[in-house]
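Remarks on the structure that follows.
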Amino acid sequence: MSAPVLALPRRRPSAAALRTAAPVLLLALLALAVLAPGLLAGADPLAADPLGALSPPGGAHPLGTDHLGRDVLARVVHGARHSISIGVGATLLAVVTGALLGLAAGLSPKWLDEALARSFDVLSTLPELLLALLVVAITGPGTVNVILAIAVAQIPNYARVVRAQTFVVRRSGYVEQARTFGRPPAAITFGHVLPNVLGPVPVLATIGLGTAVIAGSGLSFLGMGPQPPAAEWGAMLSEGRNYLRVAWWEALFPGLAITLTVVCLTVVGRRLQRRFEGRTP
């Protein structure tokens with residue numbers, strides 16, 4: 001007779017993994033809204049119907065209509081492209097610029113490193129939204145200027161992390177060995193130092209993306225982002241605040257979209273941070 005086969009117990013997913021699953025699914029749905037909004041909402045987000053203005057949720061308009069009769073669901077879904085694009089664009093620009101500045105500070109002579117470090121510290125003391133407002137006030141409103149403003153406000157966060165990591169990596173054994181073998185400084189910098197200082201950056205960028213989405217929506221709320229009639233969550237909030245007593249849904253759903261997006265990004269970012277720090281399996 002053959003020996004009985006023992007069935008190994010199935011490993012159940014941890015509670016933390018289950019808590020992360022829902023935000024990941026919501027972020028996947030959000031990505032679908034950015035890439036193919038027509039699959040989630042078939043109505044035209046710019047089509048106005050004055051006779052159907054301020055219709056409550058239900059029927060042909062699951063989330064109601066706004067003060068111009070435009071479908072709120074379509075505007076929320078299509079607005080994800082503007083809001084998320086601003087956040088992603090600003091985060092990418094801040095990561096690239098901040099990483100290069102942090103790397104330069106960590107590898108520079110002491111006097112230049114001190115100058116850059118003090119600049120990072122000064123910019124970090126200013127609230128990000130206030131600094132972004134200052135940049136927009138100089139450059140003017142518009143999507144590109146909003147992305148630039150948010151990126152400038154977030155650059156110190158990434159530069160300080162990369163600078164600190166550079167100090168550690170530049171003294172490591174493999175970098176010293178590469179110098180001993182006579183490798184050019186550029187090859188050492190981009191082949192050994194840079195790849196090994198970027199470890200915490202994706203984690204920080206995931207959390208920073210939520211901050212960038214809030215900042216972008218805040219600037220759009222003030223009329224500095226995409227201009228009407230473009231559908232953007234912050235601009236929709238600004239328009240809907242005047243109708244809260246008679247049409248609460250016009251402001252509620254774009255505000256809910258911003259909140260859920262930021263919460264999901266924060267939960268996923270914290271989960272990645274714990275894994276990076278070795279505090280979770």
Side-chain angles (χ1 to χ4, degrees), residues 27 29-49 53 61 63-95 128-155 205 208-244 247 249-262 264-265:
L27 291 178
L29 187 64
L30 182 64
L32 180 62
V34 172
L35 299 175
L39 296 178
L40 300 177
D44 185 355
L46 303 180
D49 180 14
H61 305 287
L63 301 186
T65 60
D66 66 3
H67 60 287
L68 296 178
R70 298 172 296 190
D71 186 77
V72 174
L73 174 61
R75 289 183 64 77
V76 169
V77 171
H78 286 262
R81 176 170 295 179
H82 285 290
S83 298
I84 300 303
S85 296
I86 290 174
V88 171
T91 302
L92 286 176
L93 182 58
V95 166
E128 290 187 6
L129 186 57
L130 180 61
L131 184 57
L133 276 171
L134 177 61
V135 176
V136 171
I138 296 173
T139 60
T143 302
V144 175
N145 291 339
V146 166
I147 291 175
L148 177 63
I150 299 173
V152 169
Q154 290 195 342
I155 282 173
L209 178 57
T211 304
V213 171
I214 291 180
S217 298
L219 292 175
S220 295
F221 182 87
L222 298 175
M224 299 179 179
Q227 300 300 302
E232 197 279 335
W233 293 340
M236 292 175 65
L237 272 175
S238 180
E239 294 175 349
R241 63 178 172 169
N242 299 320
Y243 302 91
L244 284 175
W249 53 87
E250 185 175 351
L252 173 65
F253 292 113
L256 190 60
I258 296 172
T259 302
L260 287 177
T261 299
V262 175
C264 290
L265 288 170

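None of these values were measured; they are calculated from a predicted model. FYI, side chains are in, hydrogens and waters are out, and symmetry mates aren't considered; it's all heavy atoms of this structure.
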How far does [atom1] of [X] sit from [atom2] of [Y], to the nearest 0.5 angstrom?
{"X": "Leu27", "Y": "Leu209", "atom1": "CG", "atom2": "CG", "value": "8.5 Å"}
{"X": "Asn145", "Y": "Met224", "atom1": "CG", "atom2": "CE", "value": "11.0 Å"}
{"X": "Phe253", "Y": "Leu237", "atom1": "CZ", "atom2": "CG", "value": "12.5 Å"}
{"X": "Leu129", "Y": "Ile214", "atom1": "CG", "atom2": "CD1", "value": "10.0 Å"}
{"X": "Ile138", "Y": "Leu134", "atom1": "CD1", "atom2": "CG", "value": "4.5 Å"}

Give the minimum heavy-atom separation between [X] and [Y], together with the two atoms involved.
{"X": "Val262", "Y": "Gly210", "answer": "CG2-O, 3.6 Å"}
{"X": "Ala149", "Y": "Ala132", "answer": "CB-O, 3.4 Å"}
{"X": "Gln154", "Y": "Ala94", "answer": "CB-CB, 3.9 Å"}
{"X": "Ala257", "Y": "Val76", "answer": "CB-CG1, 4.1 Å"}
{"X": "Val72", "Y": "Met236", "answer": "O-CE, 4.3 Å"}
{"X": "Ala212", "Y": "Thr91", "answer": "CB-OG1, 3.7 Å"}

Within-4.5 Å side-chain heavy-atom neighbours: [X] and [Y]:
{"X": "Leu30", "Y": "Leu260", "result": "no"}
{"X": "Trp233", "Y": "Ile84", "result": "yes"}
{"X": "Ile150", "Y": "Leu219", "result": "yes"}
{"X": "Glu232", "Y": "Pro254", "result": "no"}
{"X": "Arg70", "Y": "Pro229", "result": "yes"}
{"X": "Val88", "Y": "Val34", "result": "no"}
{"X": "Pro226", "Y": "Ser220", "result": "yes"}
{"X": "Val136", "Y": "Leu148", "result": "no"}

Before giving the answer on side chain to side chain donor-acceptor pair (under 3.5 Å), spell out for Glu250 and His67 the whole-Å C-alpha distance, their side-chain angles and the decisive distance to 0.1 Å. CA-CA 8 Å; Glu250 185 175 351; His67 60 287; 2.7 Å; yes
Taking [X] for its side chain and [Y] for its backbone only, find out whether a donor-acceptor pair lies under 3.5 Å.
{"X": "Arg81", "Y": "His78", "value": "no"}
{"X": "Asp71", "Y": "Ala43", "value": "no"}
{"X": "Gln227", "Y": "Gly223", "value": "yes"}
{"X": "Arg75", "Y": "Pro45", "value": "yes"}

### Task
Check the pair Asp49, Thr65 against side-chain contact (heavy atoms from CB on, under 4.5 Å), reporting the backbone distance first and the verdict last.
CA-CA 9 Å; Asp49 180 14; Thr65 60; over 6 Å; no
